[in-house]
Structures are given as C-alpha cells and as structure tokens.
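Order of the sequence lines sets the chain letters (A, B, ...), proteins ahead of strands, with each chain counted from 1.
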Amino acid sequence: MVEPHLLHNAVLSWYEDNARDLPWRAADATPWGVLVSEIMLQQTPVVRVLPVWHEWMERWPTPKDLAAEQPGEAVRHWGRLGYPRRALRLHACARAITDEHGGEVPADHATLLALPGIGEYTAAAVASFAYGGRHAVLDTNVRRVFARAVRAEEYPPTATSAAERRLAESLLPELGAARWGVAVMELGALVCTARAPRCADCPLAQVCAWRLAGKPPHAGPARKGQTYAGSDRQCRGRLLAVLRAAHGPVPKAALDVVWDDAVQRERALDGLVADGLAEALDDDTYRLPHA
DNA sequence: CAGCCGTGGGG
DNA sequence: TCCCCAAGGCT
C-alpha cells in the first residue's frame, strides 16, 4: 500500500484546484446549513439540492425557525428531492436541537448520532465539516476511491465493512482531517465516478491499485436493480405530491384519481399515514402532518 | 441485514 | 429506451 503522505498530498493538492464552490462549504456557512445540506444530499445529486437548500436557509436560518413550523411544512418545502421521510426527520431533528441542545447543532459525534435521521455517515460529516472534528467520513464516494486506489476493486462491498472503517481511520491525518475527508469525497464525486471514471484526470492515477491492475471489472453478482414503475414508492410519491400542492385538507377523491389500483393505493396511503407523512382527518380528508 | 424508502438525469 | 445511480438511514 502507498504511503499515506503521498495520498494526502496528491488528493489535497487536487482539491485545492478543483473543489466546487458549494454554499455549504462557504466560510459563512453555519453548522445548521451543513446539517441541512448533508441530509438533503443523501442519495440526491448536488444540482437538485442547491435551489432547495437556498430556499430552506432563507426560510429557516436556524433550527429554532424550523422547529416552530408544523412538520408538514418541512415536507411541503422538501419539494421533489425524494425520500420525504428525510424532511420529517430533519424537522424532528430541529425540534430536538431546539429543546435539548439549546438550539445549537451538537459538535459531538455520539450526540449527533442520537438525533433522528442522522446515521454514522452524517454524524461524521457534520462533526467534521461543520466543527473540524477528526472523523472518518465514509460515504459512497470515499468508499469507492479507497476500494479502487487501495484494494484494486472497482466497487466497494454492498455494506460498509469493518475493514473499510479500519482503512479509513488508518488514513486519517492527525491534522486537517476534515479537509482530507471532503477532498476524497470530491475526488470520488468528480473524477473517480461509479460509471466512467476519469482516470486521466486523477491525481492518484500513478498509484491507484485498481488502475495498475488493469481496471478489472467488478466480480460477482450485479447489484440489485429495483423496479420503480408501478411500485408502492411511485404510488406514495404521487399521493404525497397531491398533499404538497394543496394548502389544506384534500378530499380522498382527489387522491384516488392519481393511481388506478385501489388496493395498492390504499396500502400506500396507509403507509404514508403510518410513516407520519400524511394525516387522516375525521371527514375523510387528508393533509400534510401537523404536530 | 436485506429490503424498503423518491426522483430525475446521464450514458 | 432502459438502466444505473446520487454526500444514507431505519427496521
């Protein structure tokens, strides 16, 4: 394996010249802004997050501002980012921060991890990017870069392994860990991409184990492909879009028209209610959640 | 822990 | 066109 210093210098130097000018990385970005960006960016491309993040920061500049709203407003202004449960959890997160942490986003990894919607990755990212903490930030980009550069494999394993964590922590510099983390992530996002990696532009090309091995294709079974058309997820999306567009309770008939299969439609609607994304009122109308 | 949870753009 | 997948988390 390559000397960590060599890796650090190559990646950090590349980042110096190629980092995107993203608003949540700006000097005036708040920990709250960083947290909101991290939740929005889960499974969602940067270009789609940007306009929604700006709107949220203007509307709810602090956790307290969001905490004062109904949860349904968070879901409404989530727009079409997808996985709307994230909006619900972010709202719950804002209330927990307001009620239990004096309105300040925690800097401690374990404290962050205990908040709704914040898992291992997001806790590390916020502690690192917002507060300069020293944590291994293991997202899909970082895992892919390490899989290739160090393990000579095209893709990392399905689930994050203990070996991956050990490697990431062993590569963590004593100083500047936060910048290192965001730099590796950026490299994975812009150069060491999943499909058509731009090895010609990669600062690690000369030391990348995967490239030096001739870029062997991923061995083993292909990853699970989930069909979306006709799925409960698509149905839920249709139903929730109706509730977001309406600024009050909608009659059930307005929901019935967006999906033909009544059995599936009822199941999806029940699911939305069970998840807290929708509320059923007494008069057989539905709306975004209040609480 | 494998499956579920949205959405839209690029190859 | 169709398929892949994009800063995950939760059960």
Side-chain angles (χ1 to χ4, degrees), chain A residues 19-20 22-25 29 33-53 75 78-90 92-93 112-130 135-145 154-162 164 168 178 181-190 192-198 218 221-244 258-259 267-268 270-272 274-278:
Chain A
R20 286 170 293 181
L22 300 173
W24 43 84
R25 290 181 189 160
V34 172
L35 171 55
V36 171
S37 79
E38 289 302 336
I39 302 292
M40 288 184 172
L41 286 163
Q42 291 169 4
Q43 306 289 285
T44 309
V46 167
V47 287
R48 290 223 308 274
V49 166
L50 279 169
V52 182
W53 183 87
V75 175
W78 196 250
R80 305 189 65 80
L81 283 184
Y83 292 147
R85 292 193 288 194
R86 291 182 293 167
L88 218 48
R89 292 177 182 143
L90 190 45
C93 203
L112 286 162
L113 195 55
L115 292 170
I118 297 188
E120 176 59 39
Y121 161 76
T122 304
V126 172
S128 180
F129 304 152
H135 301 277
V137 177
L138 263 187
D139 79 321
T140 186
N141 291 305
V142 175
R143 295 181 62 218
R144 189 174 53 247
V145 170
E154 185 178 19
Y155 298 119
T158 305
T160 304
S161 65
E164 286 183 276
V182 74
V184 179
M185 203 180 302
E186 192 77 335
L187 184 64
L190 299 182
C192 193
T193 54
R195 256 173 300 186
R198 302 162 51 188
H218 174 70
R223 15 257 282 164
K224 45 160 199 261
Q226 301 175 14
T227 51
Y228 182 65
S231 66
D232 283 12
R233 287 156 86 168
Q234 185 183 31
C235 184
R236 286 166 57 108
R238 293 258 188 96
L239 295 172
L240 200 58
V242 173
L243 299 184
R244 279 199 311 265
V258 300
W259 198 264
R267 181 172 67 237
D270 288 346
L272 288 174
D275 289 346
L277 284 166

Any T122(A) side-chain nitrogen or oxygen under 4.0 Å from OP1 or OP2 of dG9(C):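 Answer is yes, contact under 4.0 Å.
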Residue-phosphate contact under 4.0 Å: Y228(A) side-chain N/O, dT7(B) OP1/OP2: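 The answer is yes; a side-chain N or O of Y228(A) sits under 4.0 Å from OP1 or OP2.
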Atom [atom1] of [X] and atom [atom2] of [N]: how far apart are they, to the nearest Å?
{"X": "R238(A)", "N": "dC5(B)", "atom1": "CZ", "atom2": "P", "answer": "16 Å"}
{"X": "E186(A)", "N": "dA7(C)", "atom1": "CD", "atom2": "C1'", "answer": "10 Å"}
{"X": "E154(A)", "N": "dC5(C)", "atom1": "CD", "atom2": "P", "answer": "9 Å"}
{"X": "D275(A)", "N": "dG9(C)", "atom1": "CG", "atom2": "P", "answer": "18 Å"}
{"X": "R86(A)", "N": "dA7(C)", "atom1": "CZ", "atom2": "P", "answer": "12 Å"}
{"X": "Y121(A)", "N": "dA6(C)", "atom1": "OH", "atom2": "P", "answer": "13 Å"}
{"X": "D270(A)", "N": "dC5(B)", "atom1": "CG", "atom2": "C1'", "answer": "17 Å"}
{"X": "L113(A)", "N": "dG8(C)", "atom1": "CG", "atom2": "P", "answer": "16 Å"}

Give every pair of a protein N or O atom and an N or O atom of nucleotides 2-4 of chain B that lie under 3.5 Å apart, one pair per line with the distance.
none

Under 4.0 Å, heavy atoms only, any strand: does [X] hit a base, just the sugar-phosphate, or nothing?
{"X": "L22(A)", "result": "base"}
{"X": "W24(A)", "result": "base"}
{"X": "A194(A)", "result": "sugar-phosphate"}
{"X": "G82(A)", "result": "base"}
{"X": "R144(A)", "result": "sugar-phosphate"}
{"X": "S231(A)", "result": "nothing"}

With Y83(A) via ring pair (Phe, Tyr, Trp, His ring centres under 6.0 Å) - residues at least two apart: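 Ring pair (Phe, Tyr, Trp, His ring centres under 6.0 Å) list for Y83(A), sorted by chain: empty.
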Partner residues of W24(A) under the ring pair (Phe, Tyr, Trp, His ring centres under 6.0 Å) criterion, sequence neighbours left out: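 Ring pair (Phe, Tyr, Trp, His ring centres under 6.0 Å) check on W24(A) returns W53(A).
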Donor-acceptor contact below 3.5 Å, side chain R143(A) vs main chain E164(A):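 Side chain of R143(A) to backbone of E164(A): no pair is present.
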N/O donor-acceptor pair under 3.5 Å between R267(A) side chain and D232(A) backbone: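 No; judged by distance alone, with no hydrogens or angles, the pair does not exist.
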Taking the [atom1] atom in each of [N] and [M], what is the distance between them to the nearest angstrom?
{"N": "dA7(C)", "M": "dC5(B)", "atom1": "P", "value": "22 Å"}
{"N": "dG9(C)", "M": "dG8(B)", "atom1": "P", "value": "23 Å"}
{"N": "dT7(B)", "M": "dG3(B)", "atom1": "P", "value": "22 Å"}

Within residues 37-45 of chain A: residues closer than 4.0 Å to DNA chain B (heavy atoms):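 Output list: Q43(A), T44(A).
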Identify, with sequence neighbours excluded, every residue that meets side chain to side chain contact (heavy atoms under 4.5 Å, CB included) alongside [X].
{"X": "A123(A)", "value": "H109(A), L112(A), L113(A), I118(A)"}
{"X": "A178(A)", "value": "S128(A)"}
{"X": "D270(A)", "value": "none"}
{"X": "T44(A)", "value": "R48(A), V49(A), L81(A), R86(A)"}

Please tabulate, for side-chain N and O atoms in residues 234-241 of chain A, each donor-acceptor pair with protein atoms closer than 3.5 Å (sequence neighbours left out).
residue: Q234(A); atom: OE1; partner: G230(A); partner atom: N; Å: 2.7
residue: R236(A); atom: NH1; partner: D275(A); partner atom: OD2; Å: 3.0
residue: R236(A); atom: NH2; partner: D275(A); partner atom: OD2; Å: 2.8
residue: R238(A); atom: NH1; partner: V258(A); partner atom: O; Å: 2.8

Minimum side-chain heavy-atom gap N141(A)-C192(A) below 4.5 Å: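 The answer is no, as the side chains (C-beta and beyond) never meet within the 4.5 Å cut-off.
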Pair Q42(A), Y121(A): side-chain N/O donor-acceptor within cut-off below 3.5 Å: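 Per modelled atom types, Q42(A) and Y121(A) side chains form no pair under 3.5 Å.
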Shortest side-chain distance from R80(A), nucleotide among dA7(C), dT7(B), dG6(B):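 That would be dT7(B).
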Between protein and nucleic acid, restricted to nucleotides 9-11 of chain B and to nitrogen or oxygen atoms under 3.5 Å apart, what atom pairs and distances do you find?
residue: dG10(B); atom: N2; partner: R195(A); partner atom: NH1; Å: 3.4

With R89(A) via salt bridge (Lys or Arg N to Asp or Glu O under 4.0 Å) - residues at least two apart: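 If we apply the salt bridge (Lys or Arg N to Asp or Glu O under 4.0 Å) test to R89(A), skipping adjacent residues, there are no hits.
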For E186(A), all residues meeting salt bridge (Lys or Arg N to Asp or Glu O under 4.0 Å), sequence neighbours excluded: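 Listed in chain order: R20(A), R25(A).
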Pairwise 5' ranking along DNA chain C for I118(A) and R20(A), keeping only the more 5' one: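 Upstream on the strand: R20(A).
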